[in-house]
Amino acid sequence: EVQLVESGGGLVQAGGSLRLSCAASVFNLDDYDIGWFRQAPGKEREGVSCISSRAGSLDYADSVKGRFTISIDDARNTVYLQMNSLKPEDTARYYCAADPTLGACVVFLKAPTFFASWGQGAQVTVSS
C-alpha cells in the first residue's frame, strides 16, 4: 500500500556520521507514523526512532538518544535519520516503516512488528 525506499547507508568509521533517507509514496506523510528500525545479524529487530506529525511527537531508543535525530520534509515526502557519533554496535540493516494508526509511535519500541508497511532496508556498517 505504501512504498518506502531507504537510501544513504554505507561503511563509516566509528565516530563518523551518516544520514538515512526514507522516501514514501504517499499523498500526505502527516497521515502516518513513520519509524526507523534496525536489525543486526542474529539479533531481534529493534525500534530506533519514530515521528508522528499528527501527535507532534519524536521518540528515540535510549541507545541512540543524543546521537540520532529524526526529521521530516513534507514537500519531498521524505523522512530522515541523521546519525552522529556512530558506534560499532550501531551496525545493522536499517528499515523505515509506516503505519496509519494514530499511536503507532507509542508502541514502536515494544512492538517493532506492528507497522504495516516496510522498506527494503539500508545497510549501515561502523568499523573500529
Side-chain angles (χ1 to χ4, degrees):
E1 183 180 53
V2 179
Q3 184 177 5
L4 303 169
V5 181
E6 301 95 336
S7 62
L11 175 64
V12 65
Q13 293 184 351
S17 299
L18 286 173
R19 188 180 73 165
L20 300 179
S21 299
C22 176
S25 61
V26 297
F27 181 77
N28 188 358
L29 278 180
D30 291 345
D31 293 334
Y32 299 86
D33 284 9
I34 309 296
W36 284 99
F37 301 81
R38 66 187 182 186
Q39 188 165 23
K43 297 184 178 180
E44 295 182 348
R45 183 179 302 171
E46 63 175 338
V48 176
S49 184
C50 200
I51 184 168
S52 176
S53 295
R54 297 171 294 174
S57 65
L58 304 174
D59 296 287
Y60 300 92
D62 288 340
S63 60
V64 306
K65 287 182 179 178
R67 299 189 298 121
F68 291 10
T69 303
I70 191 169
S71 62
I72 187 169
D73 186 337
D74 286 322
R76 296 183 177 182
N77 279 355
T78 301
V79 176
Y80 302 97
L81 184 68
Q82 179 67 44
M83 304 182 294
N84 298 326
S85 301
L86 283 163
K87 305 175 181 179
E89 48 263 48
D90 294 318
T91 295
R93 190 164 186 86
Y94 285 71
Y95 302 86
C96 66
D99 197 275
T101 305
L102 180 61
C105 284
V106 176
V107 301
F108 89 105
L109 290 175
K110 296 182 177 181
T113 61
F114 177 81
F115 281 63
S117 301
W118 294 80
Q120 64 187 31
Q123 181 66 37
V124 172
T125 302
V126 184
S127 64
S128 181

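Only a predicted model underlies this, so the values are computations on that prediction, with no experimental measurement involved.
Of the candidates Asp33, Asp30, Asp74, Asp30 is the only one forming a side chain to side chain donor-acceptor pair (under 3.5 Å) with Ser53. Just one of Leu81, Leu20, Leu11, Thr91 meets the side chain to side chain contact (heavy atoms under 4.5 Å, CB included) condition when paired with Val124; it is Leu20.
Within a 6.0 Å sphere centred on CD of Glu44, heavy atoms belonging to other residues, nucleotides or ligands number 12 at most. Within 6.0 Å of CD in Gln123 there are more than 12 heavy atoms belonging to other residues, nucleotides or ligands. The number of heavy atoms from other shown groups lying within 6.0 Å of CZ (Arg54) is above 12.
Distance alone, capped at 3.5 Å, is enough to place a donor-acceptor pair between the Arg93 side chain and the Gly121 backbone. A donor-acceptor pair under 3.5 Å is absent between the side-chain atoms of Arg67 and the main chain of Met83, judged by distance alone. At distances below 3.5 Å, at least one donor-acceptor pair connects side-chain atoms of Thr78 with backbone N or O atoms of Arg76. Between the side chain of Ser49 and the backbone N or O of Asp59, at least one donor-acceptor pair lies under 3.5 Å. Side chain of Glu6 to backbone of Gln120: a donor-acceptor contact under 3.5 angstrom is found. When atom types are taken as modelled, the side chain of Asn77 and the backbone of Ser25 share no donor-acceptor pair closer than 3.5 angstrom.
The shortest distance between side-chain heavy atoms of Phe115 and Cys50 falls below 4.5 Å. Contact check for Leu29 versus Ile34: side-chain heavy atoms found under the 4.5 Å cut-off. For the pair Gln82 and Ser17, the minimum side-chain heavy-atom distance is below 4.5 Å.
Linking Ile, Leu, Val, Met, Phe, Trp and Tyr residues whenever their side-chain heavy atoms come within less than 4.5 Å places Val48 and Val126 in a single cluster. Under the 4.5 Å side-chain heavy-atom criterion for Ile, Leu, Val, Met, Phe, Trp and Tyr, Ile70 and Leu86 are members of the same hydrophobic cluster. Hydrophobic cluster membership is shared by Val79 and Val64, with clusters built from Ile, Leu, Val, Met, Phe, Trp and Tyr side chains linked at under 4.5 angstrom. Hydrophobic clustering keeps Leu58 apart from Leu109 (ILVMFWY residues linked when any side-chain heavy atoms are closer than 4.5 Å, directly or through intermediates).
Classification of Lys87 and Asp90 as a salt-bridged pair fails, no side-chain N sitting under 4.0 Å from a carboxylate O.
Geometrically, Arg19 engages Tyr80 in a cation-pi contact defined by less than 6.0 Å to the ring centre and at most 45° from the axis.
Taking every heavy atom of both residues into account, Arg45 and Gln39 meet most closely at N-NE2, 3.7 Å. Nearest heavy atom pair, residue Tyr60 against residue Lys65, reads O-CE, 3.3 Å. The two residues Ala92 and Ala40 come nearest to each other via the heavy atoms CB-N, 3.9 Å. Heavy atoms only, all atoms of each residue included: Ala98 and Tyr32 are closest at CB-CD2, 4.3 Å. Between Gly47 and Ala61, the shortest heavy-atom distance links the atoms O-CB, 3.5 Å.
Proximity of the aromatic rings of Phe68 and Trp36 is defined here by a centroid distance below 6.0 angstrom, and this criterion is not met.
Between Ile72 atom CD1 and Ser52 atom OG the span is 9.5 Å, to the nearest 0.5 Å.
Using the six-membered ring where Trp is involved, Phe37 and Trp118 have ring planes that are tilted, between 30° and 60° apart.
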